[in-house]
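Below, chains carry the letters A, B, ... as their sequence lines are ordered, and counting in each starts from 1.
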Number of protein chains: 2
Amino acid sequence: MTENLKRAVTMADIARLANVSKPTVSRALSNSPLVNEKTRNHVLSVAAEQGYAVNRNAQKLRHKRTNTIAVSMDFRSHHENHISDPFMFDLLAGVSEALGDHNQDLLLCAPNHNDAAAFRQILNERGADGFIILGQGHRESMLKDFARTGAPIVVWGAAAEDANYCVVGSDNFRGGQLVGEYFLEQGRRHFLFVGDTSFREMHLRQEGLRSAIEAAPYDTLFDDIELREFSYNAAYDAAIRYLDVIESRPDAIFAWNDTAAMAFISALRDAGVDVPGDVSVVGYNDIPAAQYFSPPITTIRQDTHQAGRVLAAKLLRIVDGETPKSALIRTELIRRDS
Amino acid sequence: MTENLKRAVTMADIARLANVSKPTVSRALSNSPLVNEKTRNHVLSVAAEQGYAVNRNAQKLRHKRTNTIAVSMDFRSHHENHISDPFMFDLLAGVSEALGDHNQDLLLCAPNHNDAAAFRQILNERGADGFIILGQGHRESMLKDFARTGAPIVVWGAAAEDANYCVVGSDNFRGGQLVGEYFLEQGRRHFLFVGDTSFREMHLRQEGLRSAIEAAPYDTLFDDIELREFSYNAAYDAAIRYLDVIESRPDAIFAWNDTAAMAFISALRDAGVDVPGDVSVVGYNDIPAAQYFSPPITTIRQDTHQAGRVLAAKLLRIVDGETPKSALIRTELIRRDS
DNA sequence: GCGCCCGCTGAAACCAATTTCAAAGGGATT
DNA sequence: AATCCCTTTGAAATTGGTTTCAGCGGGCGC
């Protein structure tokens, strides 16, 4: 072992070696104007030569600010529900990048329990300044409780009218509209929305779709399937069951995400239906597989980089005591062949 | 604001309220046998009533152990290379779960620079006990340098013979063998390996494939394409170019991952080739899209949960001063229709 | 009755930084 | 020459825990 793995060199060591006091070293390292240029350079060179790095824990203890943001990602339910949608991970990547740019540490958490107390405890124990919660799900009331304790949080999702916390999400209503407009361009008449509208995001997508097709210059039909399971197989089965029951087939299907869209397309094709000839199917999220699928899937893309930046920026403002408004992220229709 | 968001209540407060001293509170909370049963219960009830949570930063400062593990994930190159393979994220999920079970905090890092100094700095500054590095890539010599500084690290990848650090990865050689055996079952004769064998993992997969087909009771042909770009489109283009040039078409293709397999299948089908009739194509990783693709892709699945557990367990042993051996993760052939 | 040991408790030191506050040194002003 | 001020510095306090060490009181053995 060439060098002891526990950092032996502390600020006091640097001070001794540089023939100055601890506070001077501290000031030199933090670019304080209180220290003389020459002294600073000397201290910095000694520090560099010793391979010194400040102990962030001591720093965090002393400052009230920890420069650490907790990010919760519900891997468990992700896995249990067979949500294979990599979108959440793109979002995590965006958040990671944005937090890095703000020089914040990212503490990745997968809370065991979905109650405000568990979240509160993470915040206190781990000493994070705030919490980015990826995915609101059905936890709105819990999050409300959590926010009420004064916890600085930002949530990815869709804002309730009476939310007491900052929500950032894609413009789901606009997303639905874009899909509706796309369908109308093609002269589609019988629309089917597939999703679980008990999720606010899904409800908005449905409403957006509906609002767009109301503008149709001809008669239309609107239908929906409430799909409460998230797996590909559940969606496939639902499609088969649905096709069995209906009298007139829809010619335009908007699925809550790309995986469901793929499942519906597969089911339709297996039943001998031509996609997109007979039916157009549109997804959401633009996961990578969407473009490789055959046919490549028309879908709504959300800018995950922007999302990450906005989530990080809002939260840091909240930590600073401001109360920024909820925000919507760019939403874009990606035209493919489905 | 019902309650001040900065934790006002400290151990000293609890001590005062419980009419004991700070050390007694500390001992009570950590279940030390030094404190009387009755005292402990009293202290615990006061703490609970006050919603007290220890300040981990202070704890980390005092203990030498921080109970924090840094995990590096190269989102940047992930994005730049259009690696859309969600496998790495499954791996992250596995690691997150395993670290949680060991009561370790997970610090997610995306290092700016790929040099040992940058990694060393993260370890020192952020005060992590060790580093899990997801993806070895071409950084072996850097990692060697890093390990030489005494940094406790575990790397996901394939171990070099002379590695001075612990490597955990799937059994790539065995994975290649499984694919080879699968091909032989079907009587395939002309094999094509697609990947970048400058990556140790890929080389092993290739060697595994080769070793399996050497057992063929008939004449075989072995070919490979060195594919240095990772995107679907690059793979598709490579396939088209390759089909243009070759004289006899392979009837068994092993692609380095599922995305490349999908690209090859698409290219083949677009060229009028029947998959799996004329050619069998096998991927690696079993990403969700593999089963939804048409045809569903035969692939190698790696147990990401086991991977996470092993990575975490090895690293914690290293932190404790042991030097565990590198390890291989279960690898399994998933038979589908490609 | 004396000494010993054991169980339990708290005062003070410690971890590695930052911040407050006092003061030294030097230059400018009167 | 005395005063003032400004730049630069360091001693000591502070952050919230844990650990060391000394001590107190009671039970037990002799």
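- Within the 4.0 Å cut-off from OP1 or OP2 of dA16(C), not a single side-chain nitrogen or oxygen of Y52(A) is found.
- Ring-plane geometry between F131(B) and F119(B) is classed as tilted, the angle between the planes lying from 30 to 60 degrees on a 0 to 90 degree scale.
- Phosphate contact (OP1/OP2 of dT18(D), side-chain N/O of Q59(B), threshold under 4.0 Å): present.
- Rounded to an integer number of Å, the gap from N57(A) CG to dT18(C) P is 13 Å.
- The nearest whole Å value for the distance from the CG atom in N55(A) to the P atom in dC14(C) is 18 Å.
- The distance between atom CZ of R56(B) and atom C1' of dA16(C), rounded to the nearest whole Å, is 20 Å.
- The distance from atom CG of N57(A) to atom CZ of R62(A), rounded to the nearest 0.5 Å, is 15.5 Å.
- Look at CD1 on I14(B): it is 13 Å from P on dT18(D), rounded to the nearest Å.
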Heavy-atom protein contacts under 4.0 Å, nucleotides 7-15 of chain D, coded B base, S sugar-phosphate only, - none | -BBBBBBBB

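- The end-to-end axis angle of the helix from dG1(C)-dC30(D) to dT30(C)-dA1(D), rounded to 10 degrees and based on five pairs per end, is 60°.
- Ion pairing between a basic and an acidic side chain is recognised when a charged N comes within 4.0 Å of a carboxylate O; D162(B) and K144(B) show such pairing.
- As a whole-Å value, the separation of N67(B) CG from dG17(D) P is 16 Å.
- dA17(C) atom P lies 16 Å from atom NZ of K60(B), rounded to whole Å.
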Before giving the answer on side-chain contact (heavy atoms from CB on, under 4.5 Å), spell out for K314(A) and V310(A) the whole-Å C-alpha distance, their side-chain angles and the decisive distance to 0.1 Å.
-> CA-CA 6 Å; K314(A) 296 267 179 200; V310(A) 173; 3.9 Å; yes

Any chance you could lay out the side-chain contact (heavy atoms from CB on, under 4.5 Å) test for I133(A) and W156(A), step after step, and finish with the verdict?
-> CA-CA 6 Å; I133(A) 293 156; W156(A) 174 261; over 6 Å; no

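- Between the side chains of Y165(A) and E140(A), no donor-acceptor pair is found at a separation under 3.5 Å.
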Hey, mind stepping through M11(B) and S26(B) against side-chain contact (heavy atoms from CB on, under 4.5 Å) and telling me if it holds?
-> CA-CA 7 Å; M11(B) 189 171 274; S26(B) 173; 3.8 Å; yes

Are D320(B) and R317(B) close enough, and set up right, to give a salt bridge (Lys or Arg N to Asp or Glu O under 4.0 Å), and what steps lead you there?
-> CA-CA 5 Å; D320(B) 280 339; R317(B) 286 179 51 194; over 6 Å; no

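- Taking atom CD on Q50(B) and atom P on dG16(D), their separation rounds to 16 Å, with Å as the unit.
- Salt bridge status for D115(B) with R120(B): absent, with no side-chain N to carboxylate O gap under 4.0 Å.
- In this model, the phosphate group of dA16(C) is not approached by any side-chain N or O of T10(A) to a distance below 4.0 Å at OP1 or OP2.
- Atom CG of L29(A) and atom C1' of dT18(C) are 12 Å apart (whole Å).
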